[in-house]
Amino acid sequence: MAFYVTTPIYYVNGEPHLGHAYSTIAADILARHHRQRGEDVFFLTGTDEFGEPVAQQAEREGVTPRELGDRLAPRFKEMAAKVNASNDFFIRTTDEGHQRRVQEVVQRVYDNGHVYEGMYEGWYCPRCADFKTEAEIEDGNRCPIHKIELTREKEKNWFFRLSAFQEELEKLYAERPSFVEPGFRRNEALAFVRQGLQDVSLSRRRLKWGVPVPWDTDQVIYVWFDALLNYYTALSYARDGEDLTPLFWPAFHILAKDILKFHAVYWPAFLMAAGIEVPKGMFIHGFLLMEGHKMSKSLGNVLDPDQVIEMFGADALRYYCFREVSFGRDGQISPQGFEARYETELANEYGNLANRSLSMIGRYRDGVVPSADPEAELASAFEGVVERVRGLLDESELTHALDEIWKLVRRLNQYVEETAPWKLAKDETDSERLDSVLYGLAEGLRVTTLLLHAYMPDTTGRLLDALAEPDRGLPEFGSRGGGQILAELDPLFPKLQKAQ
RNA sequence: GCCGGAGUAGCUCAGUCGGUUAGAGCAGCGGAAUCAUAAUCCGCGUGUCGCAGGUUCGAGUCCUGCCUCCGGCACCA
């Protein structure tokens, strides 16, 4: 089995923020989970560097677009590393390998007769060197950036015959209901297609910052087509001298709702036109909202992932994002909420569960997990849980899967109270029961922790080491006997000093 | 305007094919315990299930109308 998951490629007209990290973490959790299943996984992220907005941002900063990309791409690369993303490659659309492959695919679409020359007419800003949409034009027919008056211009463009794919797209949605998830996003895409599709321009003549159209080098490919193709092109050159496409294509995409249309409509149509298999599917997530607003620089409500990671660690951030907000929907986040979940759930419930379990095995059994059978009462709480989590993650239900796992954490704390090992330890006749209880705790903790491993790779790794569990695959409750010698473990989620 | 979704406990939400006293987490109040990062566990809810009708033996769950909010509606990263 192979699993290929992608994040959107991030646009280099600004610094990375939590919104980018969110998509990356989501894809990473899926990638790690599929590796736990023993599958061949390829996980891609990267940067989108062509197009008008980058050219403009570069102009504002007095640098070339290339220089802007060279400065910002490493920032996004660092961000991926900081959130502990296990991506197998980092693509930049300025890569030679990408550009070459884009030209090949676009040429194929052209050869297949899905491209024609047309006239694009619209409001043009000479400073931007591009056309403006009706929505962006400011009062007085002015450019929103340069504030100068726009002129009505025409330009010869190459157009992609998107309209020809309406029927095929409808068929795709009908035959593969999970192609776009969650379902309400699929409905949006479907409604959009049913209204009728208009051809879209595939190239820009006046803009120079892009991949040249192979049969007409006076023009560059419209940034969206070059950008989407990253998912396909990366496989062809990510490994020197090896084409991974046959192994990993088609991809599964993670993206936010603002780019649904491009991914759910343009993208599969374009692939069909090129004669390439459409993606396996895609999951569209919502926005993380701070104080009710989308995070944006202009609103000044950006939650800086660097800061959060420095204080709480990457795992805590990874956990919080998918615990607090139901994945797929918009949701509120806040520093207060973050601290509350860190303290009550990570430190008190989970961290302390690990601590007390290890401590009791240390105290009552010299740090060796007893060889015993778990009590049925505890075992039943774990019945079928791995399958449920797998099933939920197959549907990218990151939050629901985490809910399911967290019930185990709570069940284990309950179990400790119910069985009160400290009482059992006082009476020699309860020795056998105590073995059973302590074994159950160690085993339950192991299973729970392996399930959490995709979400919080670092801390769970530390705990698994302490549990003397070398394996990182998906577990089964009761599959491991006792006898392991436990190691010392520092608190997984130390409480912060209360700030004054 | 058109299409779609949502309106359930103070807050965030779950309620599958209509069926027993409508649930969870958080917050709040009370209690137990001491293995543990003073961490945990137990108990406590008089909710017009947006409003008004209707179908049904029976509706949060289906139908109609209305109110409120949100999203999508073509080239916007």
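Because the structure is predicted, anything quoted here is derived from the model rather than measured.
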For this session: For B:C69 and B:A33, measure between their C1' atoms and round to the nearest Å.
Result: 47 Å
For this session: Taking atom P in both B:U48 and B:C11, compute the distance separating them and give it to the nearest angstrom.
Result: 12 Å
For this session: Would you mind classifying the nucleic acid contact of A:Arg185 as base, sugar-phosphate or nothing, using non-hydrogen atoms under 4.0 angstrom?
Result: sugar-phosphate
Seminar exercise, completed: Scanning all shown strands, the Watson-Crick or wobble mate of B:G28 with both distances under 3.5 Å is B:C44
For this session: Going 5' to 3' through nucleotides 28-41 of chain B, assign each nucleotide B (protein heavy atom under 4.0 Å from a base atom), S (under 4.0 Å only from sugar-phosphate atoms) or - (no protein heavy atom that close).
Result: -----SSBBB-BBS
Problem set entry | Nucleotide forming a Watson-Crick or wobble pair with B:G1, both distances under 3.5 Å | B:C73
Exercise. Distance between the P atoms of B:C29 and B:A14, in whole angstroms?
Worked result: 28 Å
Exercise. Does A:Phe338 have its ring centroid less than 6.0 Å away from the ring centroid of A:Phe312?
Worked result: yes
For this session: Go ahead and name the base partner of B:A6; Watson-Crick or wobble counts if both distances stay under 3.5 Å, otherwise write none.
Result: B:U68
Exercise. With a 4.0 Å cut-off on heavy atoms, is A:Glu188 in touch with a base, just the backbone sugar-phosphate, or nothing at all?
Worked result: sugar-phosphate
For this session: Considering only atom C1', compute the distance from B:G1 to B:U46 and round it to an integer number of Å.
Result: 44 Å
For this session: For A:Arg341, answer base if it contacts any base atom (sugar-phosphate contacts may also be present), sugar-phosphate if it contacts only those atoms, and nothing otherwise; contact means non-hydrogen atoms under 4.0 Å.
Result: nothing
Seminar exercise, completed: A:Asp258 atom CG is separated from B:C73 atom P, nearest whole Å, by 11 Å
Exercise. Considering residues, nucleotides and ligands other than A:Glu418, do more than 12 of their heavy atoms fall under 6.0 Å from its CD?
Worked result: yes
For this session: Report the distance from atom CZ of A:Phe322 to atom P of B:C13, rounded to the nearest whole Å.
Result: 17 Å
For this session: Starting from C1' on B:C75, measure out to CG on A:Asp226 and report it in whole angstrom.
Result: 16 Å
Exercise. Is any side-chain nitrogen or oxygen of A:Arg194 closer than 4.0 Å to OP1 or OP2 of B:A74?
Worked result: no
For this session: Could you tell me whether A:Gly196 contacts a base, only the sugar-phosphate backbone, or nothing, with contacts defined as non-hydrogen atoms closer than 4.0 Å?
Result: base
For this session: Just name whichever nucleotide pairs with B:U37, Watson-Crick or G-U, keeping both distances under 3.5 Å, else none.
Result: none
For this session: Take the protein atom CG of A:Asn187 and the nucleotide atom C1' of B:C70, then report the distance between them rounded to whole Å.
Result: 16 Å
Problem set entry | A:Lys257 NZ to B:G71 C1', straight-line distance once rounded to whole Å | 7 Å
For this session: With RNA chain B as reference, determine whether A:Glu345 or A:Ile259 sits nearer its 5' end, using the nearest nucleotide of each.
Result: A:Glu345
For this session: Taking the six-membered ring for Trp and the single ring otherwise, decide whether the centroids of A:Phe283 and A:His253 are under 6.0 Å apart.
Result: no
Exercise. Is any NZ, NE, NH1 or NH2 atom of the basic residue among A:Glu181 and A:Arg186 found under 4.0 Å from an Asp or Glu carboxylate oxygen of the other?
Worked result: no
Problem set entry | Partner nucleotide, any strand, of B:A22 [Watson-Crick/G-U, under 3.5 Å] | none
For this session: Could you check whether A:Ile9 gets within reach of a base, just the sugar-phosphate, or nothing at all, counting any heavy atom under 4.0 Å?
Result: base
Exercise. Between B:G60 and B:U8, how far is it from one P atom to the other, in whole Å?
Worked result: 15 Å
Problem set entry | Centroid-centroid distance, A:Phe270 to A:Tyr266, less than 6.0 Å | no
Exercise. So, are A:Arg433 and A:Asp427 salt-bridged, with charged N and O less than 4.0 Å apart?
Worked result: no
For this session: Please give the nucleotide sitting opposite B:A59 as a Watson-Crick or G-U wobble pair, both distances under 3.5 Å, or none.
Result: none
Problem set entry | Closest contact, heavy atoms only, A:Tyr10 versus A:Met79 | CE1-CE, 4.3 Å
Problem set entry | Axial cation check for A:Tyr222 ring with A:Arg204, 6.0 Å and 45° limits | yes
Exercise. When rounded to the nearest Å, what value does the distance between C1' atoms of B:G18 and B:C49 take?
Worked result: 15 Å
For this session: Identify the two heavy atoms, one from A:Leu408 and one from A:Ala381, that lie closest to each other, and give their separation to 0.1 Å.
Result: CD2-O, 3.5 Å
Exercise. Within the structure shown, what part of the strands sits under 4.0 Å from A:Leu197 by heavy-atom distance: base, sugar-phosphate, or nothing?
Worked result: base
For this session: Would you kindly compare A:Asp199 and A:Phe184 by the position of their nearest RNA chain B nucleotide and give the one closer to the 5′ end?
Result: A:Phe184
Exercise. Atom CD of A:Gln195 to atom C1' of B:C75: distance rounded to whole Å?
Worked result: 14 Å
Exercise. Roughly, in whole Å, what's the span from NE2 in A:His285 to C1' in B:G71?
Worked result: 16 Å
Problem set entry | Closest approach of A:Val54 to A:Leu68 (non-hydrogen atoms, all atoms of both residues) | O-CD2, 3.7 Å
For this session: Write down the distance separating the P atoms in B:G15 and B:A6, rounded off to the nearest Å.
Result: 11 Å
Exercise. Using atom C1' of each nucleotide, how far apart are B:U34 and B:G25 to the nearest Å?
Worked result: 26 Å
For this session: Find the distance A:Gln166:CD to B:A74:P and express it as a whole number of Å.
Result: 15 Å
